[in-house]
Every structure is written in structure tokens, then in C-alpha cells.
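First comes the structure, then the notes that go with it.
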Amino acid sequence: MNQRLFRPFPRGRQSGRSALASALRIARALFISQYALMLEFRAEILLWALSGVMPLLMFSLWSSAPAGAAAGISPQAFARYFLAAFVVRQFTVVWVVYAFEEDNLLGRLSPLLLQPLPLVWRYAAAHLAEQATRLPFVMAMVALFFLAVPEAVWIPSPARLLLALLAAHLGFWLNFLLQHAITMLCFWSERASALERFLFMPYLFLSGMLAPLDLYPEAVRRFALLTPFPSMLYVPAQLASGGAIDALAAFRTVALWLAVLIPLNLLLWRAGVRRYAAMGG
Amino acid sequence: MEPASTIRRHARSIARFWSSSLAAEMEYQFNLLIEVAATLITLAGSLFTLSLFFGRGQQLGGWSWNAALVVLGIYTLLNGFSSTLLRPNLGNLVKQVQSGGLDFVLLKPMDSQVWLSLRTLSPWGLPEMVLGLALVVVGTIRSGAKPETTALLTGGLMVLAGITILYSLWFVLAATSIWFVKIWNATEVLRSLLAAGQFPVSAYPPALRVVFSTILPVAFLTTVPAEAILGLASGGSLLAGLVLAGLSVVGSRALWRLALRHYTSASS
């Protein structure tokens, strides 16, 4: 084991450089430890990955539905869109409210709160580590999909691929921050996770998981694009699969929502921690 | 002991179980509001998604909009049934295996499969069941099918067969926790695959249609009952549904017996 990972925090004022170095060291240690933890649960993570089949079911429906052909979208385009949506979904899934609620109810939160590191980074690292664990499973499933639907095979242009990766990762943070805002309600209620459904329902119907938003009536589509949900699925999937998209407007929406959600989360976190009295207290 | 009195004793116990679970859940009346709101939003979203397939006079796998509503209604009904009985009880079964609490269940003077399958009742799936039923009625009336007594009776029978198959799928999966302790994630996979039942099975490509009528019998959960209600079902599919329901009960029973023979309690 690398002893340096566990060196105590340097005290006192730091120069900008050493502060950055220590932040990087902490990030690395967090990620490595969480990744080791997630690898222990790889069988469960495989099952979670499999439970995200909804986009593939929707592909099989849309590729043979007359309504799809009438809208001028070919089965091949559907295959690429929904496969991209499936992959994006795998790397934007968020479960912070469930992890936090369990830690809170079981009393594990108190020791974690004593650490000189804001709690959110621990959960964020867990999510990123879980994504790394998913990666080989998702690659295998993509390969299987291409074997079953060979006409769907495509290689996105490097620029589009890069933009799609960026959009998907920003989509993950957007999803994380939205759910984290609900998570903070755990400081006030024992069952905050029940409210997560009210995030999941609009996500399901507005993100583009069930149909590309281009098939929605114009008014619904325009409304959906104002919400943060298409940024978590439709935008990256469309970028990766080569569909038409106004990338600039899409990234502007993400920036706008991040600008709302980051201060909101900070406010909720500060108010919540001040209220925290440990379970049963 | 004679069978009739055994059944009566079991029925009396279950009635007590359910009334006590209801009394406990009534502590959380605010939940009802949340559940009704969530159910209405989900149903509106599902109807909207379904409507996308019926653009300019199009059909979905040979089904009209109104007939497809019956399928969605039965799916909603079964979903409500899952949250009322299957999820709370069979989730509990997995926990009992993990904690070793199953030992105490096996000692009770009651059939263990019955106890594990019917011990609690969560009323929060009821709004979904009611809405599902309403959707079935609306779809049937609007599709212009004459509600004949035979069609309604076969329809009801096929819904019961579908519920039986659904129960067996869940029970078999939960029972395998005796071998693989951490199985609860597998039920998420089952749930996500069963979502295919929102749409008539004929809307899927041929290869998937075969899968949905054999390995994962989604077809017999929603499509066949809907066909029966609309008076469209073939004798063959009705018979297949009933046989499958019978087999699934026998199979789940046999698997449970086998599982108990392999049960060595927690930590041993």
C-alpha cells in the first residue's frame, strides 16, 4: 500500500501549487479506495447494468413501428440513437440519495462528517468508481448489440465523440446535483428517498429514453428542452449517434442549470449540517 | 389435518396479517397523496408515450389505440399488484434469508410459502390497481367490443392466470436467494424486462416475440388477457396461458421444496 496516500493533511496556509497537489492526492486516494470497494460488488453492478435495458426495448419497438417510418427515421438511425442512449444512461445513473439515507439511518454519517473533507466528494468518487466498474460490462453489451444488429455499427467522428463524452459527463453531474439537492432533505426527513420518484418520472418521460425528442409534438419538445432532463440522455445520445442537434444551445442549458444547482446544493448542505443531530438525537 | 380446516386456518391468519399491516400503514396517510400523484403522473406519461406510436392513423403491431389502452391498463393493474403484495413480501423473503429470520418462519405451524408470500399487504399499490382497471374499462368500451359475458369471464380468468405467472416469476427469483444470498438486484432486472408488457407483444420484432411468449412470458401477462377481454384471443393462446399458469404454480412449489432442502440457515 502506498503510505503517502494516508499522510495527514498539511496544516496552515498552503501555496496554490501544494494545495492543488494535495487535492489531487486526495482525489486519487478516494477514487482508488472506492474503485476497490466497487469491484467487490461487481456482480451486483452487472445486474444494475442489465436493468437499464429500457432503451433497447424501445429500439425494438420503434424500429418496426409504422410511426417511426412515417416520421422519416430509419431503423438504423433508431438503433444508433437507442444504443447511444443505453450507454449514456449507464454512465449517468445516480443513487446518492439511497446511499446517503442509509448512512444517515445507520448512524454512519457522524464519523464521516468529522473528516476534513466535504462529504459530497466521497459520494461523487463512489459514483465515478462505479462507472469505471461498469465500463467492461457495457463494452461487452455494446459488442453483443452490434453482433445482433450489424447494420447499426458506426464510428462517430472524433469531434462528435468528444462532445458526446463531455455532454454525457456533464449530464451525470446535472443528475447528481439534482438528486443531491433531494438528498439534503435527509437532514429534515427520514424518508427523503421517497421523493426521488418525482425526479425519476419527469426524467423517464422527458429525457428521450422512450423516444427521440424529435418524435414529440413541437410544444412538448420545446418544453422538454428547457428542463435539465434531455441533457442527461437525449443530447449526448444525439451527439454520439450523429443526429441533428443544436449543440451550442444544449450546452448553454447545461451551464444554466449548473449555475442554479451548485449554489442551491451549497445552501441546502450548510443549512442541513447545522441542523444535524445524528440519528435518534 | 383435513384440507378444509387447514385452508380455513390459513385464511383466518392471512386476514389478521392484512388487517394489522393495513393498520400499521395507515400511520402514513400522507403517503396516499404521494402515491396517487405519482400514479397519475406515470399514467399520463405512459399514455403520452403510447400516443407517439399512433401518429396519423397508424397502428402498433396491428392494435388500435383503444385496444392498446386495454394492454396498458392490465400492465398498470399488474404493476399495482406487484407493489401491493409481491414486492413487500418477496423483498422480505430475501431479507429473512440474509438475517437468518427464515428459521423462525419455518417453525411456524403454517405453510412457509404461503406465509412468505402473503405476510404483509401494502395498500399503496391500490390506486394503481384502480386506475389500471379503469383504463381497461375505458379501452374496452371505446374500442367498441361488445362486453359479452363469456369474453369478460375469460378475460378475468386470463388476468388471474397472468397474476399467477407474475407471482411465480417473482417467487422463483426470490427463492433462489437461498443459494445466492444477494439476489435483490436481479428483481430489478426482472422489473425492467417486464416493462415490455406495456405494449402489445405483436409490436415487437419476431425474435423478441418468441422470447416474450416462452422464456419470459410477458405475452401471457398483458397481451393475452387483453385479447381475451376484447374477444380476440385464439383458443390456443388461452389454453397455453392457463397451462403456463398451472405449471408456474407447480414449478414454484417444487423449487421452494428443493430450496428448503438446501437451506442451511444464515452464517452456516
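In what follows, chains are A, B, ... by sequence order, proteins preceding strands, each numbered from 1.
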If I measure from the heavy atoms of chain A, does Leu193(B) come under 4.5 Å with its side chain, its backbone, both, or neither? both
So which of Ala44(B), Ala37(B), Ser46(B), Ala207(B) has the largest heavy-atom pair count under 4.5 angstrom toward chain A? Ser46(B)
Taking C-beta and beyond as the side chain, do Pro217(A) and Phe48(B) meet within less than 4.5 Å on heavy atoms? yes
If we define contacts as heavy-atom pairs under 4.5 Å, which of Leu61(A), Leu47(A), Leu195(A) has the most with chain B? Leu61(A)
Minimum heavy-atom distance Arg197(A)-Ala38(B), with the two atoms named: NH2-CB, 3.2 Å
Please classify the contact of Phe53(B) with chain A as side chain, backbone, both or neither, using a heavy-atom distance under 4.5 Å. both
Examine whether an atom of Thr49(B) lies under 4.5 Å from a heavy atom of chain A, and if so say whether it belongs to the side chain, the backbone or both; otherwise answer neither. side chain
Can you find a heavy atom in the side chain of Trp62(A) that is under 4.5 Å from one in the side chain of Leu52(B)? yes
With a 4.5 angstrom heavy-atom cut-off, is it the side chain or the backbone of Phe41(A) that approaches chain B, or both, or neither? side chain
For atom CZ of Arg42(A), decide whether the heavy atoms of other residues, nucleotides or ligands shown that lie under 6.0 angstrom number more than 12. no
Any chance you could measure Leu56(A), atom CG, to Leu208(B), atom CG, to the nearest 0.5 Å? 10.0 Å
Closest approach of Leu50(A) to Ser192(B) (non-hydrogen atoms, all atoms of both residues): O-OG, 4.4 Å
Determine the minimum heavy-atom distance between Ser60(A) and Pro205(B), stating which atoms define it. O-CD, 3.4 Å
Nearest heavy-atom contact between Leu57(A) and Phe212(B) is CD2-CZ, 3.9 Å
Answer with side chain, backbone, both or neither: which region of Ala70(A) has an atom nearer than 4.5 Å to a non-hydrogen atom of chain B? both
Got Ile34(B) and Phe198(A) here, is their nearest side-chain heavy-atom distance under 4.5 Å? yes
Does CD belonging to Glu27(B) count more than 12 external heavy atoms closer than 6.0 Å? no
Between Phe205(A), Tyr216(A), Phe200(A), who has the most heavy-atom pairs with chain B when the cutoff is under 4.5 Å? Phe205(A)
Which bit of Ser51(B) comes within less than 4.5 Å of chain A, counting heavy atoms only: side chain, backbone, both or neither? neither
